[in-house]
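Everything on this sheet refers to the single structure shown next.
Bear in mind that the values here come from a model prediction, so they are computed numbers and not experimental data.
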Number of protein chains: 2
Amino acid sequence: RRVGHARKGLARWVIMFLIGTLTAMVAATIDILISLLAGWKYGVVSAYLVTHIDGTNILVPFIIWLGIDVLFVSIAAVMVAYGEPVAAGSGIPQIKCYLNGVKVPHVVRIRTLICKMFGVTFAVAGGLSVGKEGPMIHSGSVIAAGVSQGRSTTFKRDFKVFRYFRSDHEKRDFVSGGAAAGVAAAFGAPVGGVLFALEEGASFWNQSLTWRIFFASMISTFTLNVLLSFWQGKPWNLSNPGLINFGPFEGLMYFSYEIPVFLLMGVLGGLFGAIFNSINYRLSIFRLKYVYSRYSCVIEAMIVALVTVTISFLCIYLSDDCRPITRDMKNSLQMFCNDGEYSSSASLFFNTPEESVKSLFHDMQGSYSVTTLTVFCICYFLLACWTYGLSVPSGLFIPSLLTGAAWGRLIGTAMPYIFPEATLSSPGIYAFFGAAAQLGGIVRMTISLTVILMEATSNITLGLPLMLIMVLAKWVGDIFNHGLYDIHIELQSVPLLNWDPPPMSTTIRAMEVMAHPVTTFNMVERVGRILEVLKDPRVNHNGFPVVDSYVPNGLTFGIFRGTILRSQLIVLLKNKVFSVWPNLYDPHVPVGIEDFRDDYPRYPDINKLEISELEKDCMIDLRQFMNPSPYTVSKEASLPRIFRLFRALGLRHLVVIDDSNRVIGIVTRKDLARYRFCTKNGKVGIEELHISYT
Amino acid sequence: RRVGHARKGLARWVIMFLIGTLTAMVAATIDILISLLAGWKYGVVSAYLVTHIDGTNILVPFIIWLGIDVLFVSIAAVMVAYGEPVAAGSGIPQIKCYLNGVKVPHVVRIRTLICKMFGVTFAVAGGLSVGKEGPMIHSGSVIAAGVSQGRSTTFKRDFKVFRYFRSDHEKRDFVSGGAAAGVAAAFGAPVGGVLFALEEGASFWNQSLTWRIFFASMISTFTLNVLLSFWQGKPWNLSNPGLINFGPFEGLMYFSYEIPVFLLMGVLGGLFGAIFNSINYRLSIFRLKYVYSRYSCVIEAMIVALVTVTISFLCIYLSDDCRPITRDMKNSLQMFCNDGEYSSSASLFFNTPEESVKSLFHDMQGSYSVTTLTVFCICYFLLACWTYGLSVPSGLFIPSLLTGAAWGRLIGTAMPYIFPEATLSSPGIYAFFGAAAQLGGIVRMTISLTVILMEATSNITLGLPLMLIMVLAKWVGDIFNHGLYDIHIELQSVPLLNWDPPPMSTTIRAMEVMAHPVTTFNMVERVGRILEVLKDPRVNHNGFPVVDSYVPNGLTFGIFRGTILRSQLIVLLKNKVFSVWPNLYDPHVPVGIEDFRDDYPRYPDINKLEISELEKDCMIDLRQFMNPSPYTVSKEASLPRIFRLFRALGLRHLVVIDDSNRVIGIVTRKDLARYRFCTKNGKVGIEELHISYT
């Protein structure tokens, strides 16, 4: 026993180490591939641009650019549409559901990881308004699920290691570590990763789990740092903690009296975010209705790529915003500018989104004209809005940051004209806070986002305005709609539990919440009856109360003795653990914990078990397998109390008993998720949602 | 209802804002006072040193130094010993207990805060090996408790505000915010503060609470920054996020191949920490036995001050480690060195501990001789060990960091001799990791400490080695003894619940854990009986089951209907909510929630209530006041399951019921804390501790 305990403890650390390392390797691969592909693309196009700039053949570089981008994007779209549709988007909504205890099919498969990895590479290299950060969080989670289970469903391989972690609970813990490692790799923010995992996943603050999650994040940041430093030829330098690096923010400083302006930007961020979410919501409904075939998904992605390139090209072509070259620039274009100058419009449109963000944060005062920023901001806002939800892997962080950075910088450029007397901070600081406000207004995360951005800038002094901006953006945005991730979760009718019980629900009692006619089993039950119940499509619970002396009366369902899971029953039936007359004192249990683990998480289909008519009359003694002392709740308990039990203990069902310990109902997550606080049309109250019981 | 909800929500934010601001103001006051007092002291002494250096009168500056230090320290000691003894030490063990749900008397009183504030100022200015950071955490907690309750017991004032927060649960939430604000002010580490509060206090991850705690931390860091910037005459510069500033670490970098050396340092830190704790433990036992009168506490503190000054003076006087002056130095002493040189020994001993830490982190290669560092390290280790536990407010962080920085720098100085070929990082980096290892070895905190140190250096790349060092220091140290805070908590026999249930305890059932003969009340109970039970010194529970149809049989104690608290009963008796023949359908309840709140947390003494003989025959209907659906547990439930319920839901007692809903026992925190995993003398097992039932 003692040795087993220590070994399991060590195995947990080893798995977290592997999760961190592998996540970093995936991140490094994506990063390097993108920089190679994008570098090649911009090289080719800019070479053609230089040679064709003066003639009428300006269409040649445009068509080449268009060709490359549409090709790249269609590769990404085909991988997702035909490979694994769940790999589309950022994956954060799916991971949120998973960590909340709701399973989304295929979400942590290796096939999904592969489609995600290469899909995001081609989507970013193909010039779409997408980032690679969100997909990293999803990738980290898949890696975690794969490593911790020691087997792969995609490859049908079982390595027979870590078998003691084959349970929902353990797997979820590791997946939260993987998500954290993903954040850590994406932003170089290990603490932010931990807080992300806590904010989205944890219900019970588990000291040692948090510590292990932190370890995975640290390893991930560190490994990525080493790998990218090697790739850049400075092997020991360790200057790349994350995929997106906001550049040196240490010297940049703001002044206390600028804070009111930043707060105003927070409000703006909330408004813009709400508009973004509203447009994207309508678009998603449209997609659900009309664009669902694989074929049309790919076509739509190609159209978006085409439009993106066209707009970018037009903006660069029509712009006359020339600036002198003062620093070493990546992919700078001269276009129609004089020698020694570059087109500032091109430095925004003719670059990967991350490079553009950095330029907006760090370029000197006066690097962009007001027109350039305004045009870029509006175009990018609309493009990003159209792009999120396409059938390609696409992170939402970078497009949001970029849009916000553009209008933030616009404000920063305007400030000296509004307050000519004041000493003001650089427009880059405004760009940064604008980016934060826009991102906060769209995703509405708070704690983890603040910490992630603080870590990405390595500047604690930016913390307070950052936090206030996040609060305001969330408050303002929440007046109009939910965060974009939540909108996409709601579109899929997933019973997600919120953090807090809905207010004004204290008068709702367990009796009202519970599902009422309960299917119970006797302690020694007929095989035929179990089979019948499990096959009944109307009985969709995953746990059943085991009772004593059940007299059917329609109100109570027997004296409560324990609970048994659907999966346990299936394994018992599969292994034929029954006999005609079960010997109650038989110490030999013919099925062990390994039998349950080996089948996890894909238990056999009940309809495919072969049980003969004769066997149906045998009996199973459930007492040896049931949980004899599960959590229960009295029928008088209030909804908030039940809610706290579910959240704090991560329950999936809870048996409701009366004063005499008789079963009278059962509460599941879906029963709880039905109650939601609503403030529609000025009225407040509790609404009962309809949730599809699938 | 709805308005009340919104108002309470807003009030919570306002309180957190006040907590942050006030904590920062206290921190700024302490900091400025110390710098004034210490500046004056070092000025006077160094003036005398310069004039008396060559004569035989060298004793004159020594005696002046001695006089000032002993005076300062005795002021601190008198404030604590005669003012408020609980203000001694760092206060972290007490706050840990408080957040864990155990009340330590007087710990959050304003009188304690005042003694702590001025005590720590004089203790630090008096040259003891103490820091002001730990006391800041305690100060923040006191402020939080005071502000959130809207009244002060010390000043006997009730401002009649925030009365809806007068409950254990709400108060504890705010105190955790105050502790976080304290950490944030002390180290400029707002995220570290949040994680400290979570690590020490929270059981259930509460999204909105965490967010508010973060807000308090941010406000605290920011306000302190503004205040100190004003004080330093650079009002808008914002360069002082915390009291202790490790100086610019941004440029400092290590090389991946140095990590094994850092790991070794982690092991060393664990060993040194264990030695420190062991010595301090023996010393504390000695103090408990022999040094308990107020008088002797003050004398001991004066002796320590005397010894500290003597050792410092001797080390400076006897040292011949001279270095050329290369930077602007605070309090540098020339002593016997040539012009343009300073005594490097004096730069360690003749400075506040924080300045010395900074010097060790940032002074160039070769600033200290091996002898100087060795002597300093040993002296400081022993002095710090003797000092912690004195009757003065004293932080443990800075002395630990300083000791560790000394031996870390020693290793850093030795490295070029061991590996002459290698490119190595500066000795300051080694000093930093040594400091981290020593601190980790002594206090054994992990997550929050790593984050605090990461934030204090603003360098994420230092994170991985830092974390590994913390893990190793904890593992190695835990082989020998517990963390110093836990040692001091154990010395006070406080029933603190650990994070995880003890391993190997799954076979222990509720039946074995529970306290067995339970005192229960009938739903309609005689006043005389209630009075009798509450006055009975053997009945020390704070909650009682309310039952139906109790037939005394020594095994079960009636059918369970709800629970009622001791405090509720006292308030009911005080307000004489009873009648000869209670009308069960009387809708008018003569006592409201305000009556319970106004008495919180100091309910009247039961022995002082005046109940006449006639009243004793009256009846109370408890059904209107009891909690009708508390959490319960079946007698078969295992210890880990009960443990999780207590931890996750912050319970203080749990009623154990049998299959027929009859009360058979009650489990309290003390019953759980009795079981502890022990590995003494090579044997493993569960030990039952004796806990004093006071």
Contact origin within [X] toward chain B - heavy atom pairs under 4.5 Å:
X        : result
A:Ser217 : neither
A:Asp548 : neither
A:Arg641 : both
A:Ser634 : side chain
A:Leu468 : side chain
A:Ile213 : neither

TODO: Check whether any side-chain heavy atom of B:Phe215 lies under 4.5 Å from a side-chain heavy atom of A:Thr446, and answer yes or no.
DONE: no

Pairwise distance [atom1]([X]) to [atom2]([Y]) - rounded to 0.5 angstrom:
X        : Y        : atom1 : atom2 : value
B:Met467 : A:Phe222 : CE    : CZ    : 13.5 Å
A:Asn661 : B:Ile657 : CG    : CD1   : 6.0 Å
A:Ile447 : B:Phe214 : CD1   : CZ    : 7.5 Å
A:Glu199 : B:Thr210 : CD    : OG1   : 8.5 Å

- [ ] Heavy atoms only: give me the nearest A:Pro190-B:Met454 pair and the separation to one decimal.
- [x] CG-CE, 4.3 Å

- [ ] List in chain and number order the residues that pass side-chain contact (heavy atoms from CB on, under 4.5 Å) with A:Leu227, two or more places apart in sequence or in another chain; answer none if no residue qualifies.
- [x] A:Met25, A:Ala28, A:Thr223

